[in-house]
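Structure first, then comments.
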Amino acid sequence: MSEGSNTVGDIIVASHSGPLAGEVIVPGAKNSVLKLMAATLLADGRYLLTNAPVIVDVDIMADLLTAVGLRITFHPAPAGEVGQHIEIVNSGAITPVAPFELADRIRASVNLVGPLLGRCGEIDIALPGGDDFGGRPIDMHLRGLEAMGATFDVTADGIIGRASRLQGADIDFDFPSVGATENIVMAAVVASGVTTIRNAAREPEIVDLCNMLRKMGCRIEGIGTSTLIVTGVEHATLQSVTHEVVTDRVQAATYVAAVAMCGGTVHVARAVAEHMGMMLSRFTDMGIAFDISPDGITATAPDRLTAINVATLPYPGVATDYKPLIVAMLSVAQGVGIVTENLYPGRFRYVEELSKLGADITIDGHHASVRGVEHLVGAPVVAPDIRAGAALVVAGLAASGSTEIGDVFHIDRGYDDIVGRLASLGASITRKRLTA
Ligand code: EPU
């Protein structure tokens, strides 16, 4: 799949559904696989990433890595697995210049900066794109790398960075940035000396990246904590590996939200409850019953959801990526819920779309006050970004009549066959190609 071939004109038609039943198998996480792909720049050899999601952002990252010199082949997952296998061959012939038009399309392109500077001593890349939630600066990435000896020329469009050999440093983050933590770790594993990152992010996807780097021979301590200690090694001592991508907790939560809004009982296979602890606890407060097993989680909807107040926070708090789902659920819950966004002040753009379905939501700064209504009513809406698009799909299933969701290409960036998976649970949902 590629964004060019797609999808730009496609719509998803979600019609009133429920109760849902059955099992959905969740593939690997977008926000892990993209960083694992970037990490293969660090050492020569043949890598295999299994349980990888089939999503457009993976295609864009593959194009970026191909442009800098890696060879990438996609293989369908063998029977019994989901997603795809990504085979990556790093022959060592790397040109650290990333085409602007590709880097500009995804946020994770910034994750090339750390490994390319560490490996090649230079980088020329566009400023990262991705979802528009207002300003998304990369000052913490650059300050951390500067502390390690890199210098940068930053223009309105791009970044040119240089470093002879990066040196270990003590880095204290003001905020546990996911991307900055990943970038500094990927630079530090091949730097000279020890790098200590304090107030590091500790999302499950960062743990996944650190675990793969460790398998490659990198020396990282404190994995999963907010202090990471990385001892650099020569990149030639590292080796390529096979690694299974951690399950996508946001896709998992999306299927929980679907059953919560449509009714029924659904098994979300491969969901890792431990990675979703705070979210599951808040879902429980809303009335959803969970049965947790090593194989995943089974969610049973209440007759009607109960409103809660919730604030987004870095892991282990409730992730900002869950928020559009929570707002959609609150829009049909009993009572009033206040949702506070602490990461991206501009991440409420989808509220206008939910309101078209009859949701009663008031925004005040970074708070949304959601007064639950008895029923949403289907209407044409537009997906403003990945997670908001998924929330509109789920809301459409709970609304009476039919909801047409446009700009589906946003959803394709992060969701692996959301239509097929929801349809397999009994949802009334299709995808249509609009022709001019
Ligand atoms: N920030 C700065 N300076 C920096 C870096 C971050 O001010 O140098 C601020 C950001 O502007 C934002 C906050 O810190 O307000 C959090 O940013 P963070 O760096 O943690 O996020 P990210 O790495 O840019 C990743 C995910 C996002 C997810 C966030 C938070 C990827 C590719 N993206 O972004 O995922 O919302 O972490 O968990 O991993 C999505 O998947 O839909 C998505 C947007």
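In this text, all values refer to a predicted model and were calculated from it rather than measured experimentally. In listed order, ligands and their atoms are each counted from 1.
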Ligand 1 versus [X]: contacting region, heavy-atom distance under 4.0 Å:
{"X": "Tyr315", "answer": "neither"}
{"X": "Glu182", "answer": "neither"}
{"X": "Val178", "answer": "both"}
{"X": "Arg347", "answer": "side chain"}
{"X": "Met140", "answer": "both"}
{"X": "Ser177", "answer": "both"}
{"X": "Lys30", "answer": "side chain"}
{"X": "Asp139", "answer": "both"}

Original post:
Does ligand 1 have an atom that lies less than 4.0 angstrom from a heavy atom of Lys35?
Top reply: yes

Original post:
If you measure from each heavy atom of Leu343 to ligand 1, is any distance below 4.0 Å?
Top reply: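 Judged by the 4.0 Å heavy-atom criterion, Leu343 does count as contacting ligand 1.
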
Per-atom contacts, ligand 1 versus [X] - under 4.0 Å to a heavy atom:
{"X": "Arg107", "value": "24 (O)"}
{"X": "Ile138", "value": "4 (C), 8 (O)"}
{"X": "His141", "value": "8 (O)"}
{"X": "Phe175", "value": "13 (C), 14 (O), 16 (C)"}
{"X": "Gly179", "value": "19 (O), 23 (O)"}

Original post:
Looking only at side chains, do Thr50 and His85 share a donor and an acceptor under 3.5 Å apart?
Top reply: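 There is no such pair between these side chains.
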
Subject >> Residue pair Tyr415 / Thr254, side-chain donor-acceptor N/O under 3.5 Å >> reply: yes

Any non-hydrogen side-chain atom of [X] less than 4.5 Å from a side-chain atom of [Y]?
{"X": "Leu145", "Y": "Ile184", "answer": "yes"}
{"X": "Val82", "Y": "Arg421", "answer": "yes"}
{"X": "Thr231", "Y": "Val233", "answer": "no"}

Value rounded to 0.5 Å, distance of [atom1] in [X] from [atom2] in [Y]:
{"X": "Cys210", "Y": "Lys215", "atom1": "SG", "atom2": "NZ", "value": "13.0 Å"}
{"X": "Glu122", "Y": "Leu116", "atom1": "CD", "atom2": "CG", "value": "9.5 Å"}
{"X": "Lys35", "Y": "Asn111", "atom1": "NZ", "atom2": "CG", "value": "5.0 Å"}

Subject >> Minimum non-hydrogen distance to atom 4 (C) of ligand 1, winning option of Pro324, Pro137, Ser32, Ala29 >> reply: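 Residue with the shortest heavy-atom distance to the ligand atom: Pro137.
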
Review item, side-chain donor-acceptor pairs of residues 310-317, under 3.5 Å, at least two apart:
from	atom 1	to	atom 2	distance (Å)
Thr312	OG1	Glu341	OE2	3.4
Thr312	OG1	Asn342	N	2.9
Tyr315	OH	Glu274	O	3.4

Subject >> Thr320-ligand 1 polar pair, N/O distance under 3.5 Å >> reply: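 No, since none of the N or O atoms of Thr320 sits under 3.5 Å from an N or O of ligand 1.
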
**OP:** Can you sort out the partners of Arg270 under salt bridge (Lys or Arg N to Asp or Glu O under 4.0 Å), two or more places apart, ordered by chain and number?
**Re:** Glu244

**OP:** Give a yes or no answer on whether the side chain of Ser32 reaches the backbone of Asp208 with a donor-acceptor pair at less than 3.5 Å.
**Re:** no

